[in-house]
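Here is the structure we will look at.
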Amino acid sequence: MSAIGEPITRPEGGGRVLGSGPNDDESVLPATVIAAHLETCAAELAGGPSVGSVGDVAAVLAHVVAGQQHLSAMLARLADYVGDRRPAAPSPDLLALTEVLRAASAAAGYSADALAEGRPALESLVRSAGEDTRL
């Protein structure tokens with residue numbers, strides 16, 4: 001398990017699903033399918049899954065921090081993609097959408113940073129109470 005706030009490039013069970021086509025960096029799944037899966041997983045977490053021990057809290061938060069970091073990167077990439085689209089007549093809506101995506105990217109990054117700030121307290125709790133301590 002990685003400590004909370006440390007960038008996780010491949011969280012446990014978090015590897016990318018890659019194709020075997022000419023470009024192995026291409027995802028097999030379309031972005032809409034991946035985003036729908038993300039929404040479903042986030043809804044499950046929001047619904048109050050059982051987190052029984054201090055170790056569970058540490059593991060969940062490590063993955064949430066990493067997820068927020070990945071969301072921030074994805075939103076920045078999407079902002080770049082949308083911002084690079086140059087129709088014949090620049091659209092104020094396209095410019096506004098690009099700015100909204102950039103702001104959301106920053107907010108997701110700030111969220112990850114804020115959650116990571118809890119790492120010292122959580123690590124102290126794990127050391128003093130033990131990972132298996134029930135909450």
Side-chain angles (χ1 to χ4, degrees):
M1 176 181 77
S2 295
I4 295 175
E6 293 179 6
I8 298 177
T9 53
R10 289 190 181 255
E12 187 176 311
R16 291 180 61 205
V17 178
L18 301 177
S20 58
N23 184 358
D24 282 341
D25 288 338
E26 290 182 19
S27 177
V28 171
L29 300 173
T32 53
V33 172
I34 296 167
H37 180 71
L38 173 64
E39 178 186 9
T40 301
C41 291
E44 284 293 316
L45 286 170
S50 175
V51 179
S53 70
V54 173
D56 289 345
V57 171
V60 167
L61 286 180
H63 286 289
V64 169
V65 168
Q68 289 295 104
Q69 291 168 337
H70 292 300
L71 283 173
S72 177
M74 179 277 304
L75 289 165
R77 192 172 56 251
L78 191 57
D80 290 343
Y81 176 81
V82 169
D84 288 345
R85 301 297 152 233
R86 301 284 180 217
S91 165
D93 292 334
L94 191 60
L95 295 173
L97 178 59
T98 301
E99 289 306 310
V100 166
L101 291 168
R102 286 195 176 113
S105 171
Y110 299 145
S111 175
D113 293 345
L115 287 168
E117 290 293 321
R119 183 179 69 208
L122 185 55
E123 288 173 349
S124 177
L125 184 60
V126 167
R127 278 193 307 275
S128 65
E131 275 191 19
D132 296 328
T133 300
R134 305 296 291 168
L135 296 176

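- In this structure, the separation between CG on Leu94 and CG on Asp84 is 10.0 Å, given to the nearest 0.5 Å.
- Pro120 and Glu117 make their closest contact through CD-O, 3.3 Å (heavy atoms, listed as atom of the first residue, atom of the second, distance).
- Here Arg77 pairs with Met74 under the side-chain contact (heavy atoms from CB on, under 4.5 Å) rule; sequence neighbours left out.
- Contacts of Ser72 classified as side-chain hydrogen bond (donor to acceptor under 3.5 Å, both in side chains), with partners at least two apart in sequence or in another chain: Ser105.
- Atom CG of Leu61 is separated from atom CG of Asp56 by 11.0 Å, given to the nearest 0.5 angstrom.
- In this structure, Val82 is not a member of the same hydrophobic cluster as Val100, with clusters built from ILVMFWY side-chain heavy atoms closer than 4.5 Å.
- Looking at heavy atoms from C-beta onward, Leu71 lies in side-chain contact with Leu38 at the 4.5 angstrom threshold.
- Ser111 approaches Gln68 most closely through the heavy-atom pair OG-NE2, 3.1 Å.
- In the hydrophobic cluster analysis, where Ile, Leu, Val, Met, Phe, Trp and Tyr join through side-chain heavy atoms closer than 4.5 angstrom, Leu115 is grouped apart from Leu75.
- Of all heavy-atom pairs spanning Leu101 and Ala79, the tightest one is CB-CB, 3.6 Å.
- Heavy-atom minimum distance, Gln69 versus Ala112: CG-CB, 3.8 Å.
- In the hydrophobic cluster analysis, where Ile, Leu, Val, Met, Phe, Trp and Tyr join through side-chain heavy atoms closer than 4.5 angstrom, Leu95 is grouped apart from Leu97.
- By the rule that hydrophobic residues join a cluster once side-chain heavy atoms approach within less than 4.5 Å of another member, Val51 and Leu122 end up as members of one cluster.
- With sequence neighbours excluded, the residues satisfying salt bridge (charged side-chain N to carboxylate O under 4.0 Å, His left out) with Asp80 are Arg102.
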